[in-house]
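Comments concern the structure below.
Lettering of chains follows the sequences in order, A, B, ..., and the numbering in each one begins at 1. Every value quoted in this text rests on a predicted model; they were computed, and no experiment measured them.
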There are 2 protein chains.
Amino acid sequence: MTSTVMPLHVRIRRDLEDQIRSGALMPGQKVAFEHELMTFYNCSRMTVNKAMSALSAAGLIERRKRAGTFVKLPRLDSTVIDIPDIQIDITARGESYGFELIERRVRTAVTAKERELAGEDGRVLSLTGLHLASGKPLAVEERLINLAAVPQAEAVDFSHLSPGHWLLEAVPWTQVENEISATEADAELTRRLGIEKGQACLVLDRRTWSGPERITTVRQTYDGTRYRLVAHFDTLRRSAPRP
Amino acid sequence: MTSTVMPLHVRIRRDLEDQIRSGALMPGQKVAFEHELMTFYNCSRMTVNKAMSALSAAGLIERRKRAGTFVKLPRLDSTVIDIPDIQIDITARGESYGFELIERRVRTAVTAKERELAGEDGRVLSLTGLHLASGKPLAVEERLINLAAVPQAEAVDFSHLSPGHWLLEAVPWTQVENEISATEADAELTRRLGIEKGQACLVLDRRTWSGPERITTVRQTYDGTRYRLVAHFDTLRRSAPRP
DNA sequence: TTTTTGATAATGTATAGACATATCTATTGG
DNA sequence: CCAATAGATATGTCTATACATTATCAAAAA
């Protein structure tokens with residue numbers, strides 16, 4: 001597949017990966033010793049070691065001194081799913097993306113949520129808007145931005161600009177907390193998403209930090225019939241959601 | 001924290017990680033050259049290189065020849081969430097776990113879903129059951145197991161044994177596909193989970209492979225008010241769901 | 001001015017060797 | 001027989017060096 005010449009340590013790693021994936025090397029089984037691979041590939045131990053260390057770091061194998069190297073049991077309790085940025089996700093599906101601002105307010109933090117974000121008497125920018133896929137509402141977004149951390153947000157016109165996408169460029173985050181849940185559509189959601197009353201919606205709550213500082217809190221509520229989170233995962237590394 | 005002496009390349013990596021996390025090194029900023037770190041830590045280039053390569057592999061930094069090394073923008077479109085095994089998740093919350101089998105059938109693949117799993121005329125084990133947290137139903141599970149791949153499943157008594165947990169030990173997977181969606185509780189879910197009719201439920205569909213072979217297909221439908229997926233993620237590595 | 005070319009500097013890959021560390025095995029001493 | 005001990009061995013770390021690769025910058029040519 002890859003037309004370019006592959007570095008040897010990458011080739012060794014891929015060979016082993018392939019054997020593990022295909023089942024030729026099953027979990028628990030012993031992998032060849034470094035010195036065996038070294039003679040097989042006719043290379044130095046450092047090169048083999050680089051390949052094996054990478055596999056070990058990726059959690060595919062376990063290495064024990066004196067004993068050797070063994071294929072690890074993949075653990076289901078740490079399976080992983082991608083959570084895409086909604087704008088990127090929509091365009092990746094080949095649909096056109098749009099954002100429509102419903103409400104914008106600047107105020108002093110009063111509610112618990114606002115104070116958790118901006119602290120006592122901190123100022124927050126509150127935005128409510130709609131994410132559109134091919135012109136149709138896909139998700140409602142309710143966002144709070146900590147103006148102490150992102151003062152420049154106050155001057156931005158978010159009428160048709162996804163705040164999440166803007167923030168991504170303006171203030172890179174270092175930590176995110178995501179929470180996925182389900183909720184029934186209330187009257188407001190029903191109206192805004194144009195769905196049936198009581199329909200199930202997927203809710204994504206996200207809080208982001210930049211270093212120690214809180215940046216933003218957002219809740220995106222998706223039309224449950226039109227949106228789902230998909231992830232393909234294998235023992236080496238996850239891949240992107242399918243088209 | 002760590003009482004043992006840390007290898008130098010780990011220390012270098014952690015120092016850089018900490019600087020990135022704390023905001024001392026912001027995305028886009030240039031990281032010191034290898035030869036600078038080499039004199040700073042008084043070590044060889046290979047040691048610095050090992051640390052930097054690891055950070056590069058983890059996606060924290062980007063390295064360009066001649067130009068140097070730069071802190072990467074974390075990309076929201078590849079944020080990640082843990083999907084725990086339900087049994088492990090429930091016990092981790094300090095609740096007692098239980099499984100209750102509702103229906104068990106062995107049959108030849110007829111529906112599209114069954115044939116996708118077991119192929120034309122393949123035999124499948126169909127299991128329906130309830131996951132209980134502290135004695136109360138938390139999720140309904142509908143599972144199909146490919147008996148060609150896991151013949152020993154036919155002899156197992158799943159009356160009070162979580163099939164997913166058993167499978168994990170019996171047949172290690174190499175690939176998983178997860179899908180999260182939301183649905184309204186129908187009459188059957190209402191009855192089995194003891195919830196209100198029409199309530200929103202979180203649905204987790206999972207398909208697993210072992211090498212090229214399909215192992216199982218499962219749909220777990222959760223009581224939306226009692227279950228949510230949580231993940232804390234930072235630019236270096238994700239951590240477990242909070243208690 | 002624009003384009004080409006070439007030197008330069010940074011990372012990427014690989015080697016051979018050295019010593020450290022953990023752990024398994026066999027031998028020895030009680 | 002059990003326990004302590006002493007190899008043996010596989011991985012872990014690190015060095016010093018070499019050459020490959022490639023983006024960048026500046027000088028030379030069009």
Side-chain angles (χ1 to χ4, degrees), chain A residues 1-20 25-73 236-237, chain B residues 1-20 25 27-73 237:
Chain A
M1 285 296 129
T2 44
S3 58
T4 56
V5 186
M6 202 180 294
L8 186 52
H9 73 267
V10 175
R11 196 188 138 206
I12 298 173
R13 179 160 60 75
R14 279 204 23 178
D15 284 357
L16 291 170
E17 274 177 359
D18 288 349
Q19 287 179 62
I20 292 169
L25 275 173
M26 290 296 282
Q29 246 183 289
K30 200 178 77 61
V31 181
F33 294 129
E34 289 189 345
H35 68 260
E36 291 175 319
L37 293 174
M38 195 173 152
T39 56
F40 181 81
Y41 287 102
N42 190 35
C43 67
S44 79
R45 191 165 79 87
M46 279 303 289
T47 304
V48 175
N49 187 275
K50 186 160 193 172
M52 308 268 274
S53 298
L55 289 176
S56 177
L60 264 103
I61 60 176
E62 196 190 333
R63 317 199 70 197
R64 292 207 314 276
K65 286 169 190 170
R66 176 68 218 251
T69 301
F70 302 87
V71 181
K72 247 193 179 175
L73 260 195
L236 24 146
R237 227 76 223 106
Chain B
M1 285 297 129
T2 44
S3 58
T4 54
V5 186
M6 202 180 294
L8 185 52
H9 72 268
V10 175
R11 197 188 138 207
I12 298 174
R13 180 160 58 75
R14 278 205 22 179
D15 283 358
L16 291 170
E17 275 178 358
D18 288 349
Q19 286 179 63
I20 292 169
L25 275 174
Q29 246 184 288
K30 200 179 77 60
V31 181
F33 294 130
E34 289 189 344
H35 68 261
E36 290 175 320
L37 292 174
M38 191 173 155
T39 55
F40 181 82
Y41 288 102
N42 190 34
C43 67
S44 79
R45 191 164 79 88
M46 281 303 289
T47 304
V48 174
N49 188 276
K50 185 159 192 173
M52 308 269 273
S53 298
L55 289 175
S56 177
L60 264 104
I61 59 176
E62 195 190 333
R63 318 200 70 198
R64 293 207 313 277
K65 285 168 190 167
R66 177 67 216 252
T69 301
F70 302 87
V71 180
K72 246 193 179 175
L73 262 194
R237 222 87 224 93

>> Expressed as a whole number of angstroms, how long is the span from Phe70(B):CZ to dA23(D):P?
In response: 13 Å

>> Is there a side-chain contact between Arg63(B) and the phosphate of dT11(C), meaning an N or O under 4.0 Å from OP1 or OP2?
In response: yes

> Would you say the base of dT8(C) and the side-chain of Arg66(B) have a donor-acceptor pair closer than 3.5 Å?
Replying inline: yes

>> Once rounded to the nearest 0.5 Å, what's the spacing between atom CZ of Arg14(A) and atom NE2 of His9(A)?
In response: 12.5 Å

> Rounding to a whole Å, what distance do you find between Met38(A):CE and dA10(D):P?
Replying inline: 12 Å

> Rounded to whole angstrom units, what separation is found between the CE atom of Met6(B) and the P atom of dT21(C)?
Replying inline: 16 Å

>> Looking only at the side chain of Glu34(B) (C-beta and beyond, no hydrogens), which of the listed nucleotides dG12(C), dT13(C), dT15(C) gets closest?
In response: dG12(C)

> When the distance from CG of Asn49(B) to P of dT17(D) is rounded to whole Å, what number comes out?
Replying inline: 17 Å

> Is any side-chain N or O of Thr47(A) closer than 4.0 Å to OP1 or OP2 of dT15(C)?
Replying inline: yes

>> Rounded to the nearest 0.5 Å, what separates atom CG in Leu16(B) from atom CZ in Arg11(B)?
In response: 11.0 Å

> Looking at dG12(C), dC14(D), dT11(D), which one has an atom nearest to any side-chain atom of Pro7(B)?
Replying inline: dC14(D)

> Roughly, in whole Å, what's the span from CZ in Arg45(A) to C1' in dT9(D)?
Replying inline: 11 Å

> Can a side chain N or O of Ser44(B) be found less than 4.0 Å away from OP1 or OP2 on dT17(D)?
Replying inline: no

> How close or far is atom P of dC24(C) from atom NZ of Lys65(A), stated in whole angstroms?
Replying inline: 12 Å

> So which nucleotide from dA16(D), dA16(C), dC24(C) ends up closest to the side chain of Arg64(A)?
Replying inline: dC24(C)

> Would Arg63(B) and Ser56(B) count as having a side-chain donor-acceptor pair, cut-off 3.5 Å?
Replying inline: no

> Rounding to a whole Å, what distance do you find between Met46(A):CE and dA18(D):C1'?
Replying inline: 15 Å

>> Quick check on DNA chain D: between Phe33(A) and Asn42(B), whose nearest nucleotide comes earlier from the 5' end?
In response: Phe33(A)

>> Is there a salt bridge (Lys or Arg N to Asp or Glu O under 4.0 Å) between Glu62(B) and Lys72(B)? Walk through the geometry before answering.
In response: CA-CA 6 Å; Glu62(B) 195 190 333; Lys72(B) 246 193 179 175; 6.0 Å; no

> Could you state the interatomic distance from CD (Glu34(B)) to OG1 (Thr47(B)), rounded to the nearest 0.5 Å?
Replying inline: 10.5 Å

> When the distance from NE2 of His9(B) to P of dT15(D) is rounded to whole Å, what number comes out?
Replying inline: 12 Å

> What is the nucleic acid contact for Thr69(A), judged by heavy atoms within less than 4.0 Å: base, sugar-phosphate only, or nothing?
Replying inline: sugar-phosphate

>> If you assign Lys50(A) and Ala67(A) each to the DNA chain C nucleotide with the nearest heavy atom, which residue ends up on the more 5' nucleotide?
In response: Lys50(A)

